[in-house]
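Single-structure report; data block below.
Counting begins at 1 with the first residue of the sequence. This one's a predicted model, so the numbers in the text were calculated from it and none came from an experiment.
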Amino acid sequence: MRGTSILGVLVVIWLIIGAIAAGQRGYYSNDDTNCAEAGTILVTIVAGPLNYIGANPKVDCKLPEPSK
C-alpha cells in the first residue's frame, strides 16, 4: 500500500511541474481557447518535467465546421 501512495504523490508532483511549465509558456493567458490550444496545454501538463529538458509538445486539431 505504501508504494501506491508514493506513486500517487509522484504523479501529482509530475503534473504540477507540467502545469507550471504551461504557465511559464503563457498558455493560460489567452481567453479565446480553441481545440489546439486546449490540447497543447493538456499535453504540456502531462509531459511534466520533460518540458525542461527539451520537450515542447504541440497539438494541431481541426474540427469540422458546421454546414451553412
Can you tell me which residue among V59, N34, N56, I45 is in a side chain to side chain contact (heavy atoms under 4.5 Å, CB included) with T40?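 Exactly one pass, corresponding to V59.
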
By the salt bridge (Lys or Arg N to Asp or Glu O under 4.0 Å) test, which pairs, at least two apart or in different chains, include something from [range]?
range          : result
residues 5-18  : none
residues 44-61 : D60-K62
residues 36-55 : none

Taking only residues at least two apart or on different chains, which pairs with a member in residues 25-68 satisfy disulfide (SG to SG under 2.5 Å)?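 Listed by first then second residue: C35-C61.
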
Within the side chain of N51, is there an N or O that forms a donor-acceptor pair under 3.5 Å with the backbone of T44?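 Yes, N51 side chain to T44 backbone: donor-acceptor pair under 3.5 Å.
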
Residues two or more places apart in sequence or in another chain: which of them pass side chain to side chain donor-acceptor pair (under 3.5 Å) with Y28?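 If we apply the side chain to side chain donor-acceptor pair (under 3.5 Å) test to Y28, skipping adjacent residues, there are no hits.
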
Cut-off 3.5 Å, no hydrogens considered: what does the side-chain donor-acceptor table look like for residues 7-21, sequence neighbours left out?
from, atom 1, to, atom 2, distance (Å)
W14, NE1, V46, O, 2.7

For residues A55 and R25, report the shortest heavy-atom separation together with the two atoms involved.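 Heavy atoms of A55 and R25 come nearest at O-NH2, 3.0 Å.
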
